[in-house]
Amino acid sequence: MVTILSNTQLNDIIWQMDLEAPRIARKGLAGQFVIVMVDDYGERIPLTLADMDPVGERITLVYQVSGKTSLQLSQVEAGEQLSHVVGPLGHPAEVQEYGTVVLLGGGCGVAPVHAQAKAFKDGGNEVISILGFRSSDLVFWEDKMETVSDELIICTDDGSRGFHGFTTQALESQIEQGREIDRVISIGPLIMMANTVKVTRPHYIPTIVSLNAIMVDGTGMCGSCRVSTTDGTKFSCVDGPDMNGFQIDFDELLSRNSRFHEQEAISLEHFKKECKCKQAVQEVEKCK
Amino acid sequence: MPSKHPSRQEMPCQDPGERIGNFNEVALGFSENHARLEASRCLNCKNTPCIDGCPVGIDIRAFLTFVVEGEFKRALEIIKEKNTLPAITGRVCPQEMQCEAVCTLGKVKNGTPLAIGSVERFIADWNAMHDTGVVIETPPRTGIEIAVIGSGPAGLTAAGELARLGHEVTVFEAFHRAGGVLVYGIPEFRLPKDVLEREIEFLENLGVRIELDTVVGKTVEIQELLDDGFKAVFIGTGAGLPRFLGIPGEGLVGVYSANEFLTRTNLMKAYNFPEYDTPISVGRHVSVIGGGNVAMDSARTALRLGADTVTVFYRRTVKEMPARSAEIDHAIEEGIQFRFLRNPVALIGNEENRLVSMKLQEMTLGCLDASGRASCEPVEGKFEKVDTDMVIIAIGSDVNTICTSSTCNIETGRRGRIVAMDASQRTTMEGVFAAGDAVTGGATVISAMGDAKKAAKEIHEYITSGTSSNETSS
């Protein structure tokens, strides 16, 4: 059992959860993830470490409410417990002194970008962070990102704040302006990571993506998260999650990641019904 | 002589037509009457070949005698001297290749070996049902801490043995439930999880602590365990890395490793979706690749999850299948189809990356290899295509190196297997021992248990005398 220290809403769909996890906080490095099970009926879902505080013995996770498990996560409160949290899993991000590193974060991916930006800055790199949101009211962690970036570019799809367009377009414009970039890290929706590679490939800029394939165990024993790469089949959980973006078959991964859509919808419906039942029972009891 | 004895008692089973609609245990177990009749067939051979045939050397003759006398508690005490998990081994051991293979009753004309496994299972279940509370006398606690990595058959056995010697044992398990392959791999209908929980509870009563959600090599490293005061470490992490075919199309939607398919279903209880959150989607025409127990488990699970047809494709013939014969029989009874001498060479998908068919190579048997099994070779130019919307790959697994890769002191060999001295189960790292599939690369539950017992004995030697007994001799 792992105690929840806080669970706060950052914008309409994204939440931040801090957990008391001394061992993971001590061991965890940027790029690694944990597997979370909300209760004993739950799925095992991977969430990338967004921040680690070894002294305070806490880890920070950020998640987007999209299905049953994330909705359930958003409903638990500080002081309550999660049944299981295991980690840190996967390889840490490869951090060296590269020079100028550009980090792209899309939506929920902003959080793991934070952990990496911090690591790259500590590693002596010039860090440019490009963060993308649908609109200005969804921007989060701007202050946290400012402290770990030499330059911070906020993008919005609707142009309500900063650069009008996608993070990949902002990256493209940086390249066009003649900015020397030694490495690109892209973390966000699969489509964004695939597009990042399209932008950087012609310029031969080494590009790392953080894969969010569907996992079960997170330790290499099931192969659910396998991806086809130009270097053979790899497991996101133990060979990644960070991988060379140029090698990934993104089309295949996109279809693999949508393979349980039908069941995910059923699960969410089932949960909402149950929630309503619970609420109804509580209301009846209140009336008594 | 056999005519004087009743014939072998048949294991009562759930009706095939009924059982394919549920996940309840297929084999229902012997009644008291069955068990006593069966045990009474024992010839009490002086040379006890059965005991030699048992990888952990259970005194089979002695426990059968107690069963005949109706002394079922005494019978369990005899078993527990050598085997802490009889309810499990009674169910999953390939007895026909071990104790029952050498039973004298099976050697005589028209004879059938004594159903030792079924009687073993009966004894374990009877004692649990009657709550007889068989306790094992343990010596005074030594206070010596030992770490066991992995809670599968090897880890549980080593933990039990070491706890019985009075040591403080902590088992580290990566998953959220203990049991390893017994909980993620072997389905409920073959090994009910409450049976497993009962056996684990017995170990906990011996003083074994189980720490879940701990991936040694990630959450904590072996060296840290030693630094933290553990005097020895036992690695029983098994062979949990699924092998794939290495053919085109393995990334298609609809292609699963048996590990993923069984873990979703067994450990995560996808058969109770949506009460449990983890989903599984089963195809209409399911193909299982492989001929071992895992292939049988996968095929029978797919059927229970609602597949229209399930076909097992094996590159050799029924004779070479490594699965337990009872599992093959049960699969046939349930309507699983078999296609022998077929090996997939390509998996074919549609424009949505979904599996739709499979290309098979026809095979032929060749000469016997070193292990005495016929090799198989492709028949040149002979291919066929079959329609299938789900492929489950059950061709074996390799050792997961997550635990050993965190230290460079443990030598590993082919396919990541831990190098252990045969006689002592010692690894190349001081104070670290290993046994089970992590060393052998993949064998049976009971052989893992046999080696784990050996390792436990060596660990005891090592921590009490400071050296391993085989240190000089090996």
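Convention: sequence-line order gives letters A, B, ...; per-chain numbering from 1.
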Query raised in the report: With distance as the sole test, does Lys193(B) use its side chain to make a donor-acceptor pair with the main-chain N or O of Leu191(B) at under 3.5 Å?
Result: yes

Query - Interchain contact, Phe235(A) with chain B, by part (heavy-atom threshold 4.5 Å) - result: side chain

N/O donor to acceptor pairs below 3.5 angstrom from side-chain atoms of residues 55-62 of chain A, sequence neighbours left out:
from, atom 1, to, atom 2, distance (Å)
Arg58(A), NH1, Asp18(A), OD2, 2.8
Thr60(A), OG1, Asp18(A), OD1, 3.2

Query raised in the report: Side chain, backbone, both or neither: which part of Leu241(B) has a heavy atom under 4.5 Å from chain A?
Result: both

Query - Under 4.5 Å from a heavy atom of chain A, the part of Thr263(B) involved - result: side chain

**Report entry** Heavy-atom pair count under 4.5 Å with chain B, highest-scoring of Ile266(A), Val86(A), Asp217(A)
**Finding:** Val86(A)

Report task. Sort out for me which of Arg259(A), Arg44(A), Gln72(A) touches chain B most, counting heavy-atom pairs under 4.5 Å. Result -> Arg44(A)

Report summary line: Answer key: most heavy-atom pairs under 4.5 Å with chain A among Pro242(B), Gly217(B), Gly349(B), Ala174(B) is Pro242(B)

Report task. Among the options Arg354(B), Glu250(B), Arg177(B), pick out the one with the most heavy-atom pairs lying under 4.5 Å from chain A. Result -> Glu250(B)

Query - Heavy-atom proximity to chain B below 4.5 Å, by part of Leu268(A) - result: neither

Report task. Identify which one of Gln247(A), Arg256(A), Glu252(A) satisfies the side chain to side chain donor-acceptor pair (under 3.5 Å) criterion when paired with Ser228(A). Result -> Glu252(A)

Query raised in the report: Does a donor on one side chain sit under 3.5 Å from an acceptor on the other, for Ser224(A) and Glu260(B)?
Result: yes

Query - Structural part of Leu262(B) lying under 4.5 Å from a heavy atom of chain A - result: neither

Query raised in the report: Top residue by heavy-atom pair count (under 4.5 Å) with chain B, among Gly223(A), Ser255(A), Cys222(A)?
Result: Cys222(A)

Query - Lys218(B), part contacting chain A, at a heavy-atom distance under 4.5 Å - result: both

Report summary line: Cut-off 4.5 Å, heavy atoms of chain A, and the answer for Thr214(B) is both

Query raised in the report: With under 30° as parallel and over 60° as perpendicular, where do the rings of Phe261(B) and Tyr256(B) fit, or are they tilted in between?
Result: perpendicular

Query - Structural part of His270(A) lying under 4.5 Å from a heavy atom of chain B - result: side chain

Query raised in the report: Do Asn7(A) side-chain atoms and Val76(A) backbone N/O form a donor-acceptor pair below 3.5 Å?
Result: yes

Requested in this report: Against chain A, label Phe273(B) side chain, backbone, both or neither, depending on which of its atoms sit under 4.5 Å from a heavy atom there.
Outcome: side chain

Report task. Might you confirm whether atom OH of Tyr41(A) has over 12 heavy atoms from other residues, nucleotides or ligands at distances under 6.0 Å? Result -> no

Report task. Please determine, among Val238(A), Leu89(A), Val2(A), Ile45(A), the option with the most heavy-atom pairs under 4.5 Å with chain B. Result -> Leu89(A)

Report task. Begin with the C-alpha distance, continue with both residues' side-chain angles, and end with the deciding distance and a verdict on salt bridge (charged side-chain N to carboxylate O under 4.0 Å, His left out) for Arg243(B) and Asp398(B). Result -> CA-CA 7 Å; Arg243(B) 228 178 262 169; Asp398(B) 290 323; 2.9 Å; yes

Query raised in the report: Quick one: does Asp437(B)'s side chain have a donor or acceptor within less than 3.5 Å of a partner on Gly238(B)'s backbone?
Result: no

Report summary line: Under 4.5 Å to a heavy atom of chain B? For Thr69(A) that would be side chain

Report task. Heavy-atom distances under 4.5 Å only: say whether Glu262(A) touches chain B with side chain, backbone, both or neither. Result -> neither

Report summary line: So, the part of Val85(A) with a heavy atom under 4.5 Å from chain B: the answer is backbone

Query - Heavy-atom proximity to chain B below 4.5 Å, by part of Asp40(A) - result: backbone

Query raised in the report: Considering residues, nucleotides and ligands other than Lys359(B), do more than 12 of their heavy atoms fall under 6.0 Å from its NZ?
Result: no

Query raised in the report: For the side chain to side chain contact (heavy atoms under 4.5 Å, CB included) test, which of Ile289(B), Val255(B), Thr388(B) pairs with Leu347(B)?
Result: Val255(B)

Query - Toward chain B, the part of Ser267(A) with a non-hydrogen atom under 4.5 Å - result: both

Query raised in the report: Could Glu269(A) and Lys273(A) be called an ion pair, given the rule that one side-chain N must be under 4.0 Å from one carboxylate O?
Result: no

Report summary line: If one checks every heavy atom of Arg226(A) against chain B at 4.5 Å, the contacting part turns out to be side chain

Requested in this report: For residues Arg198(B) and Asp194(B), determine if any side-chain heavy atom of one lies less than 4.5 Å from a side-chain heavy atom of the other.
Outcome: no

